[in-house]
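Taking it in order: structure first as structure tokens, then the write-up.
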Amino acid sequence: MNSAAVLSAFGALGVLVVIFAESGLIVVGFFLPGDTLLFPAGLLCSGGHGPHLQLGQVLVCAAVGAVTGAQAGYEIGRRGGRALLARSSNRQLKRGITRAEEVLARYGYGKAIVLGRFVPMLRTVLNPVAGALEVPARTFLLWQAIGGVAWSQGLVLAGYALGASVPHVDHYLLPLVGLIVSVSLLPLVGEVAHGRRARAAARNTAAAADAREERTGGRQ
């Protein structure tokens, strides 16, 4: 879905609907813009080229979409359970679900829910997975609201601030969006690298244990 088309046709309401879906509707939201919608929306609030949006409306719609979308995803996962998550045949989606489970197990509920909000794809699957894993409802609501508000308001305000301070910044919108996506993927890249190091360390430990066992058996 093209962010410019959504903002031109639906304005702040489009932000609410798309962010709601991207935050919790696991099949549809997986393919919707998140970062690449909020940042341009902030630029348009500053008077950039294209439809002018009201900053207050966009901020409210972004926050409402993020928080209610995440809560809807949690309820879907809680009511549908693992069976619902396992129905998809999309490999990328299944990898995202596995990654969400690993992040929740590694970082704990609060940190994982907040940090997961800033990682594309992970933020869509993390909420239903949290519901399926029966993360306590109050804990989830608290941390997803904190993460959702920080993420949505931060990106909109960043776009607004840049648009207000840099003349004709809309001419560089595509490179800026690409930069935002690249930066938002850094935590995911770090997770992949950490996972590889952990697996390598586990293999080395196992190999060392096998070597010790062979030496011990040889002496016997």
[atom2] on [Y] to [atom1] on [X], rounded to 0.5 Å:
X	Y	atom1	atom2	answer
L44	L7	CG	CG	5.5 Å
L25	I76	CG	CD1	5.5 Å
S46	L157	OG	CG	11.5 Å
L16	I19	CG	CD1	9.0 Å
L53	C61	CG	SG	10.0 Å
L104	I113	CG	CD1	6.5 Å

Among the clusters formed by ILVMFWY side chains lying less than 4.5 Å apart, do [X] and [Y] turn up in the same one?
X	Y	answer
V17	L37	no
V149	L126	no
I146	Y107	yes

Could you pull out the closest heavy-atom pair between [X] and [Y], with the gap in Å?
X	Y	answer
L38	A62	CD2-CB, 3.7 Å
L32	A21	CD1-CB, 3.4 Å
L59	Q153	O-NE2, 2.9 Å
V58	C45	CG2-SG, 3.6 Å

Is any side-chain heavy atom of [Y] closer than 4.5 Å to one of [X]?
X	Y	result
F39	L162	yes
V156	L55	yes
V119	L115	no
V64	V67	no

- [ ] For the pair Y74 (side chain) and V135 (backbone), establish whether a donor and an acceptor sit closer than 3.5 Å, ignoring hydrogens and angles.
- [x]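 Indeed, once roles are kept as given, a pair shorter than 3.5 Å links the two residues.
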- [ ] Could you walk me through whether V125 and L122 pass the side-chain contact (heavy atoms from CB on, under 4.5 Å) test, one step at a time?
- [x] CA-CA 5 Å; V125 299; L122 180 60; 4.3 Å; yes
TODO: Test side chain to side chain donor-acceptor pair (under 3.5 Å) on R117 and S23 and set out the steps.
DONE: CA-CA 8 Å; R117 174 65 76 167; S23 297; 2.9 Å; yes
Open item on the list: Give me each pair satisfying salt bridge (charged side-chain N to carboxylate O under 4.0 Å, His left out) with a member in residues 18-33, each pair once, sequence neighbours excluded.
Closed with: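 Applying salt bridge (charged side-chain N to carboxylate O under 4.0 Å, His left out) to every pair that reaches into residues 18-33, excluding sequence neighbours, yields E22-R123.
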Task: Any pair counted as salt bridge (charged side-chain N to carboxylate O under 4.0 Å, His left out), so long as it reaches residues 57-76, sequence neighbours left out - done: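 Passing the test, one end in residues 57-76: E75-R78, E75-R79.
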TODO: Decide if atom CH2 of W151 counts as having more than 12 heavy atoms of other residues, nucleotides or ligands within a radius under 6.0 Å.
DONE: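 Correct, the count exceeds 12.
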Open item on the list: Applying side-chain contact (heavy atoms from CB on, under 4.5 Å) to F140 and N127, what does each step give before you reach the verdict?
Closed with: CA-CA 9 Å; F140 179 80; N127 303 317; 3.4 Å; yes
